[in-house]
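One structure is given here, and the rest of the page talks about it.
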Amino acid sequence: MSKGKKSRIALFASGSGSNFQAIAQSVQQGEIPASIAMLICDQPDAYVIKRAEQFQIPVFSFRAKDYPSKLEFEKEIVSKLREAGVDFIFLAGYMRLIGETLLNAYRGKIVNIHPSLLPAFPGKDAIGQAFNAQVKVTGVTVHFVDEGMDTGPIIDQESVKMAVDETRESLQEKIQGIEHELYPKVIKTLLTEAVMEGTKE
Ligand code: GAR
């Protein structure tokens, strides 16, 4: 990508989309030098779709079960992303493993946020896992995506102390508060400092 050109990014989400909202606001305020070309969502009823509509961001939503295989729906996603000129992908609560079709098309250009200090508590309900384990410290990780479940090189992390009277809900609130600050900040740094593969020109 040539210098000075704004990146076109896609956000992937499956649920409420509070991280989507934080990133979209940061883009709108001119803090992240990018435009959000598309939301990809695998749950057509998810609230994140309403948020995208409010920001007038195009949405591609699908149900995995309407396709014969992951290969087929990822082929369609890649073609939508190409059509929209997407350079980078940021997963924001997309609860699906990225398969080789997407990885091969966007290698080194897919980033995820996860609500624990990886490599601790990968997978689903990381906040609940940490809470049940009664760890004293947990947190948030932003990392590049590879074939694994919440593996891949770590870009940044922020920790959260578990209070003595912490509840599952209060922990979730703290973690999400951190996510909404950390993710836009990391995305800004990645896109501004040309750290992501293919941006060094
Ligand atoms: C976020 O906490 C995100 O870290 C997590 O899903 C939540 C989505 O919330 N992602 C994962 O657990 C990925 N393994 P949101 O829809 O309100 O942004």
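Residues Val111 and Ile89 fail the side-chain proximity criterion, which asks for heavy atoms closer than 4.5 Å. The shortest side-chain heavy-atom distance between Thr192 and Pro33 falls under the 4.5 Å cut-off. Residues Ile110 and Phe88 form no side-chain contact, since every pair of their non-hydrogen atoms from C-beta on lies 4.5 Å or further apart. Between Ser116 and Leu118, some side-chain heavy-atom pair lies under the 4.5 Å cut-off. Put simply, the side chain of Lys109 does not reach to within 4.5 Å of the side chain of Phe144, judged on heavy atoms. Residues Leu102 and Leu81 form a side-chain contact, since some pair of their non-hydrogen atoms from C-beta on lies under 4.5 Å apart. Side-chain atoms of Tyr183 and Val142, non-hydrogen and from C-beta on, do get closer than 4.5 Å to each other. Proximity of Ile23 to Ile32: side-chain heavy atoms (C-beta onward) are separated by under 4.5 Å at one or more points.
Rounding to the nearest 0.5 Å gives a distance of 10.5 Å between CG of Asn112 and CE of Met149. The structure places CZ of Arg63 at 9.5 Å from SG of Cys41, a figure rounded to the nearest 0.5 Å. How far CG of Leu97 is from NZ of Lys70: 5.0 Å, rounded to the nearest 0.5 Å. Atom CD1 of residue Ile127 and atom OG1 of residue Thr138 lie 8.0 Å apart, to the nearest 0.5 angstrom. Atom CZ of Arg96 and atom CG of Leu91 lie 12.5 Å apart (nearest 0.5 Å). Here the straight-line distance linking atom CD of Gln25 with atom NE2 of His180 works out to 10.0 Å at 0.5 Å rounding.
Clustering ILVMFWY residues whenever any of their side-chain heavy atoms sit less than 4.5 angstrom apart, transitively, puts Leu117 in a cluster other than the one holding Ile155.
The two residues Ile178 and Ser159 have their closest heavy-atom pair at CD1-O, 4.0 Å. Nearest approach of Ala46 to Gly15, heavy atoms of both residues: CB-O, 3.5 Å. Across every non-hydrogen atom of Thr151 and His143, the tightest pair is O-ND1, 2.7 Å. The minimum heavy-atom distance linking Pro115 with Ile175 is given by the pair CB-CG2, 3.7 Å. The two residues Gly17 and Val48 make their nearest non-hydrogen contact at CA-CG2, 3.7 Å. Nearest heavy-atom pair across Ala37 and Val86 is CB-CG2, 3.8 Å.
With hydrogens and angles ignored, the 3.5 Å screen pairs a side-chain donor or acceptor of Gln134 with a backbone N or O of Phe131.
Contacts classified as salt bridge (Lys or Arg N to Asp or Glu O under 4.0 Å) and involving residues 126-135 (residues at least two apart or in different chains) are not found. Legend: salt bridge (Lys or Arg N to Asp or Glu O under 4.0 Å) pairs involving residues 125-134, not counting sequence neighbours, sorted by first then second residue: Asp125-Arg168. A salt bridge (Lys or Arg N to Asp or Glu O under 4.0 Å) check over residues 140-156, counting only residues at least two apart or in different chains, returns the pairs Arg107-Glu147. For residues 21-62, the pairs satisfying ring-ring contact (aromatic ring centres under 6.0 Å, His included) are Phe60-Phe62, Phe62-Phe73, with sequence neighbours left out.
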Practice task
Determine, stepwise, if the pair Ile77 / Arg82 fulfils side-chain contact (heavy atoms from CB on, under 4.5 Å).
Solution key: CA-CA 9 Å; Ile77 293 174; Arg82 296 279 192 228; over 6 Å; no
Practice task
Evaluate the side-chain contact (heavy atoms from CB on, under 4.5 Å) criterion for residues Phe90 and Leu190: first the C-alpha distance (whole Å), next the side-chain angles of each, then the deciding distance (0.1 Å), finally the verdict.
Solution key: CA-CA 11 Å; Phe90 295 94; Leu190 287 172; 4.1 Å; yes
Exercise for the section: In sequence, state the C-alpha distance, the side-chain angles, and the governing distance for Leu171 and Met162, and then conclude on side-chain contact (heavy atoms from CB on, under 4.5 Å). Expected result: CA-CA 7 Å; Leu171 182 60; Met162 191 94 89; 3.8 Å; yes
Practice task
In sequence, state the C-alpha distance, the side-chain angles, and the governing distance for Lys80 and Met38, and then conclude on side-chain contact (heavy atoms from CB on, under 4.5 Å).
Solution key: CA-CA 9 Å; Lys80 301 273 179 208; Met38 185 165 289; 4.1 Å; yes
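Applying the side chain to side chain donor-acceptor pair (under 3.5 Å) criterion to Glu76, with sequence neighbours excluded, gives Tyr67. Gln129 pairs by the side chain to side chain donor-acceptor pair (under 3.5 Å) definition with nothing, not counting sequence neighbours. Shown here are the salt bridge (charged side-chain N to carboxylate O under 4.0 Å, His left out) partners of Lys174, two or more places apart in sequence or in another chain: Glu166. For Glu173, the side-chain contact (heavy atoms from CB on, under 4.5 Å) criterion is met by no residue, not counting sequence neighbours. In this structure Ala52 satisfies the side-chain contact (heavy atoms from CB on, under 4.5 Å) test together with Phe20, Leu39, Ile57, Val59, sequence neighbours excluded. Every residue two or more places apart in sequence or in another chain that forms a side-chain contact (heavy atoms from CB on, under 4.5 Å) with Ser69 is listed here: Leu71, Glu72. Scanning for side-chain contact (heavy atoms from CB on, under 4.5 Å) contacts around Ser14 gives Asp42, Gln43, Tyr94, Met95, with sequence neighbours left out. With sequence neighbours excluded, no residue satisfies side chain to side chain donor-acceptor pair (under 3.5 Å) with Glu100.
In this model, no donor atom of one side chain and acceptor atom of the other lie less than 3.5 Å apart for Ser18 and Arg51. In this structure, a donor-acceptor pair under 3.5 Å is present between the side chains of Thr167 and Ser170.
Other residues, nucleotides and ligands contribute only 12 or fewer heavy atoms inside 6.0 Å of the CD atom of Gln56. Atom NZ of Lys75 has 12 or fewer heavy atoms from other residues, nucleotides or ligands within 6.0 Å.
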